[in-house]
Amino acid sequence: IDSAIFPRGTTGYAIDTMARQFLWQAGLDYRHSTGHGVGSHLNVHEGPQGIGQRKAYDEVGLKAGMILSNEPGYYEDGSFGIRIENLVLAGKKHTTKRFGNVDYLGFEPVTMVPIQTKMIKKSLLTSLEVKWLNAYHQKVYEKVAPLLEGEALAWLKSETQPI
């Protein structure tokens, strides 16, 4: 959902399908919500916003300034699981049109940690997914590198290289 653009007020219930669509195409799914609200009181699952199939997530439209987790995954029962969990901030996005005079929103990453690329099989990614991953890693490097030096900086540089 990191690259999704949607009208202000779209619910997390509707956005959830964007995250699941590729697993659904293969007849797969995951049993947890795609994301949950993160609030001002340090309550990890603080709503009312969220992204998932819960009925409550169809009752609250997303607004600029809301922070949510983005954590789709896949678990093969009794075998393995894959899940990347990041925080995202809903914010206004520029679009060439404004149908119905409505603002459009998207997500910006809050979490600035490299994604482990040695676990990625690049041949399974689309060119847009590779572009997104490389752009995310560039953003992580640009924001975090000024705070590091020595071995930590060298590690960050190696972990944020384009794939």
Side-chain angles (χ1 to χ4, degrees), residues 1-24 29-75 81-117 119-120 125-126 128-148 152-153 155-156 159-160 163:
I1 64 168
D2 276 44
S3 56
I5 296 178
F6 49 91
R8 184 191 72 239
T10 300
T11 66
Y13 188 86
I15 291 171
D16 185 66
T17 61
M18 296 178 195
R20 295 176 191 271
Q21 68 179 319
F22 304 104
L23 287 174
W24 287 351
D29 205 349
Y30 48 93
R31 294 183 181 110
H32 58 85
S33 294
T34 298
H36 53 77
V38 178
S40 60
H41 300 290
L42 300 178
N43 186 354
V44 174
H45 290 96
E46 187 171 326
Q49 76 274 20
I51 301 172
Q53 297 177 329
R54 294 180 185 174
K55 181 65 179 149
Y57 293 160
D58 198 26
E59 297 171 358
V60 176
L62 299 183
K63 301 175 188 173
M66 288 182 163
I67 296 177
L68 301 106
S69 67
N70 176 15
E71 50 183 298
Y74 176 71
Y75 299 89
I82 303 166
R83 188 164 169 174
I84 297 172
E85 181 171 350
N86 286 333
L87 295 182
V88 294
L89 172 66
K92 188 174 176 181
K93 292 291 184 178
H94 173 75
T95 56
T96 56
K97 308 284 184 196
R98 288 187 72 221
F99 184 81
N101 203 30
V102 173
D103 288 336
Y104 281 74
L105 304 178
F107 297 113
E108 287 294 324
V110 174
T111 305
M112 290 289 139
V113 176
I115 294 172
Q116 184 58 258
T117 56
M119 303 299 288
I120 295 173
L125 300 180
T126 68
L128 287 176
E129 290 166 335
V130 170
K131 183 178 176 181
W132 175 88
L133 180 62
N134 289 337
Y136 172 74
H137 278 158
Q138 181 178 350
K139 189 177 288 190
V140 169
Y141 187 81
E142 289 170 358
K143 290 204 179 247
V144 178
L147 306 172
L148 303 176
L153 180 58
W155 174 85
L156 181 68
E159 296 300 311
T160 56
I163 62 169

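We use all heavy atoms of the structure for the numbers below, so side chains are in, but hydrogens, waters and symmetry mates are not.
- Closest approach of Leu105 to Lys93, counting heavy atoms only: C-CG, 3.6 Å.
- Under the side-chain contact (heavy atoms from CB on, under 4.5 Å) criterion, Trp132 pairs with Asp2, Ile115, Tyr136, sequence neighbours left out.
- Under the rule for a side-chain contact (heavy atoms from CB on, under 4.5 Å), the partners of Ser69 that lie at least two apart in sequence or sit in another chain are His36, Glu71, Glu85, Leu87.
- For the side chain to side chain contact (heavy atoms under 4.5 Å, CB included) with Thr111, the lone residue among Val140, Asn86, Asn70 that qualifies is Asn86.
- Atom OH of Tyr141 and atom CD of Glu159 lie 13.0 Å apart (nearest 0.5 Å).
- Side-chain atoms of Gln49 come within 3.5 Å of backbone atoms of Ile67 as a donor-acceptor pair (strictly under, hydrogens ignored).
- Side-chain contact between Glu59 and Pro48: absent, with no pair of heavy atoms (C-beta onward) separated by less than 4.5 Å.
- Taking each heavy atom of Thr10 and Ala14 in turn, the nearest pair found is CG2-CB, 3.9 Å.
- Residues Trp24 and Thr17 form a side-chain contact, since some pair of their non-hydrogen atoms from C-beta on lies under 4.5 Å apart.
- Ring-plane geometry between Phe6 and Phe107 is classed as tilted, the angle between the planes lying from 30 to 60 degrees on a 0 to 90 degree scale.
- In terms of heavy-atom proximity, Asp103 sits nearest to Arg98 at OD1-NH2, 2.5 Å.
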Full working for side-chain contact (heavy atoms from CB on, under 4.5 Å) between Leu133 and Ile120:
CA-CA 11 Å; Leu133 180 62; Ile120 295 173; 3.6 Å; yes
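- Minimum heavy-atom separation, Leu62 to Gly12: CG-N, 4.3 Å.
- Taking the ring axis of Tyr30 as reference, the NZ or CZ atom of Arg20 stays within 45° of it and closer than 6.0 Å to the ring centre.
- Residues Ile84 and Met119 fail the side-chain proximity criterion, which asks for heavy atoms closer than 4.5 Å.
- Rounded to the nearest 0.5 angstrom, Lys92 NZ and Tyr104 OH are separated by 12.5 Å.
- A donor-acceptor contact shorter than 3.5 Å links the side chain of Thr126 to the backbone of Glu129.
- For Asn134 against Ile163, the heavy-atom pair with the smallest separation is OD1-N, 2.9 Å.
- Atoms OH and OG1, from Tyr57 and Thr11 in turn, are 12.0 Å apart once rounded to the nearest 0.5 Å.
- Ile1 is not listed as a side-chain neighbour of Leu68, based on a closest heavy-atom distance of 4.5 Å or more.
- Rounded to the nearest 0.5 angstrom, Ile51 CD1 and Tyr13 OH are separated by 14.5 Å.
- Counting all heavy atoms, side chain and backbone alike, Lys63 lies closest to Ala90 at O-CB, 3.5 Å.
- For Lys139, the side chain to side chain donor-acceptor pair (under 3.5 Å) criterion is met by Glu108, not counting sequence neighbours.
- How far CD of Gln21 is from CG of Asp16: 11.0 Å, rounded to the nearest 0.5 Å.
- The CD1 atom of Ile5 lies 10.0 Å from the CE atom of Met18; values are rounded to the nearest 0.5 Å.
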